[in-house]
Q: 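Structure provided below as structure tokens; questions to follow.
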Amino acid sequence: MHQTRNVFHRFLVCLALCLAVTGCAKPSVRVDTLSASAGGALPDVRYAILPGMPEIRNDDLSFLEYQKQLASMLRDLGCAVTEDGNQATGAVLLSWQASEKIAYYEDSGPTVGIGAGSSSYDGPGWGGGSFLGLGIGIPMGDGQAVMRYRYMVVLDAVAVSPGNGTSKPKSLWKVTLSSESDADSLRTVMPAMLEAAKPYIGKTTPGPVSVTLD
């Protein structure tokens, strides 16, 4: 019995190591930001969130949902958000794009198999007891088909003059987000994409930064 417990313990250790090595990769978001200053999200600006695409109306249901999520994020950063465009001193133009389904092949990588058992045979030259086996298999062929959707979200913040819609807006900061996901709806991934952008709002990255999502 004691020997069996030792074998089972070794089995659990090997299983944990194999899962650590071959575990599934978490989805990630590429964040690319530019800012006219190093002041972050500029909390002294009163932002209105507007559609950044001419075909999207202010009362579009998808826009209203994303607008609410973005407003919550900006308030978490200490920014003021208003629904009255005449009172705004800044605007965040929200644009998005969702691609069609993308199918491609990727290598599945080595596969690991672990087995444990015991033997009660006690014939000549043999001894009973427990055993532990570990095997690694290398896949052959072209790999497995993977389906993904590619999403892009752009947050373009500009300064505006209250009540003056004719003045040319001044750029404040811009965030470009992109991600691939097996989710077939932007509604599913938008909250995570905005959360990934949160630490970089109003800042300039040296290039696209990969943020891993939980």
Side-chain angles (χ1 to χ4, degrees), residues 26-99 102 148-181 183 185-214:
K26 295 181 179 180
S28 64
V29 176
R30 288 169 62 86
V31 182
D32 196 358
T33 62
L34 292 168
S35 177
S37 69
L42 302 177
D44 56 328
V45 177
R46 198 160 50 249
Y47 292 97
I49 301 173
L50 305 173
M53 300 173 289
E55 69 273 17
I56 300 297
R57 304 188 312 271
N58 287 345
D59 60 351
D60 180 89
L61 294 180
S62 295
F63 168 72
L64 292 176
E65 180 175 323
Y66 304 151
Q67 180 189 50
K68 182 178 180 180
Q69 295 168 0
L70 178 56
S72 177
M73 183 193 71
L74 290 174
R75 291 190 177 104
D76 287 345
L77 294 172
C79 301
V81 180
T82 179
E83 295 182 1
D84 186 353
N86 292 324
Q87 299 298 320
T89 58
V92 180
L93 306 178
L94 172 60
S95 305
W96 65 86
Q97 180 180 3
S99 74
I102 304 168
R148 291 286 187 271
Y149 295 85
R150 183 176 293 122
Y151 300 104
M152 177 174 289
V153 176
V154 177
L155 312 176
D156 193 1
V158 297
V160 297
S161 299
N164 185 357
T166 60
S167 61
K168 185 177 181 180
K170 176 185 177 182
S171 295
L172 298 176
W173 47 267
K174 184 175 183 180
V175 178
T176 303
L177 308 169
S178 60
S179 181
E180 287 188 7
S181 173
S185 171
L186 178 59
R187 297 180 63 193
T188 305
V189 298
M190 176 66 87
M193 293 182 72
L194 292 178
E195 187 66 25
K198 195 173 180 179
Y200 303 96
I201 295 291
K203 302 177 182 179
T204 298
T205 58
V209 177
S210 182
V211 179
T212 302
L213 306 176
D214 293 330

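These values consider heavy atoms only, across backbone and side chains, with no hydrogens, waters or symmetry-generated copies.
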Q: Of all heavy-atom pairs between Thr205 and Asp32, which one has the smallest distance, and what is that distance?
A: OG1-OD1, 3.5 Å

Q: Can you find a pair of side-chain heavy atoms, one from Val175 and one from Tyr200, that are under 4.5 Å apart?
A: no

Q: Kindly say whether Ser28 contributes a backbone atom to a donor-acceptor pair with the side chain of Ser179 at under 3.5 angstrom?
A: yes

Q: Can you tell me how far CG of Asn58 sits from CD1 of Ile49, rounded to the nearest 0.5 angstrom?
A: 11.5 Å

Q: For Lys203 versus Thr33, what's the shortest heavy-atom pair and its separation?
A: O-OG1, 2.9 Å

Q: To the nearest 0.5 Å, what is the distance between CG (Asp60) and CZ (Arg57)?
A: 6.5 Å

Q: Identify the heavy atoms of Ser35 and Thr204 that sit nearest to each other, and give their distance.
A: N-OG1, 3.0 Å

Q: What's the shortest heavy-atom distance between Ile56 and Pro51, and which atoms?
A: O-CB, 3.6 Å

Q: Heavy atoms only: give me the nearest Ala48-Gly85 pair and the separation to one decimal.
A: CB-CA, 4.5 Å

Q: Any chance you could measure Leu177, atom CG, to Glu195, atom CD, to the nearest 0.5 Å?
A: 11.5 Å

Q: Would you please test Leu155 and Trp173 for side-chain contact (heavy atoms from CB on, under 4.5 Å) and show each step?
A: CA-CA 8 Å; Leu155 312 176; Trp173 47 267; 4.0 Å; yes

Q: So which atom in Val81 and which in Arg75 form the shortest heavy-atom distance, rounded to 0.1 Å?
A: O-NH2, 3.5 Å

Q: What distance separates Leu70 CG from Ile201 CD1, expressed to the nearest 0.5 Å?
A: 7.5 Å

Q: Can a donor-acceptor pair be found, under 3.5 Å and without considering hydrogens, that links the side chain of Arg46 to the backbone of Thr82?
A: no

Q: How long is the gap from CD on Glu65 to CZ on Arg187, to the nearest 0.5 Å?
A: 4.0 Å

Q: Nearest 0.5 Å, please: how far is NZ in Lys198 from CG in Leu74?
A: 10.0 Å

Q: In terms of relative ring orientation, are Trp96 and Tyr66 parallel, tilted or perpendicular, with 30° and 60° separating the classes?
A: perpendicular

Q: If you count the non-hydrogen atoms of other residues, nucleotides and ligands that lie under 6.0 Å from CD in Glu83, is the total more than 12?
A: no

Q: Is any side-chain heavy atom of Leu186 closer than 4.5 Å to one of Met193?
A: yes

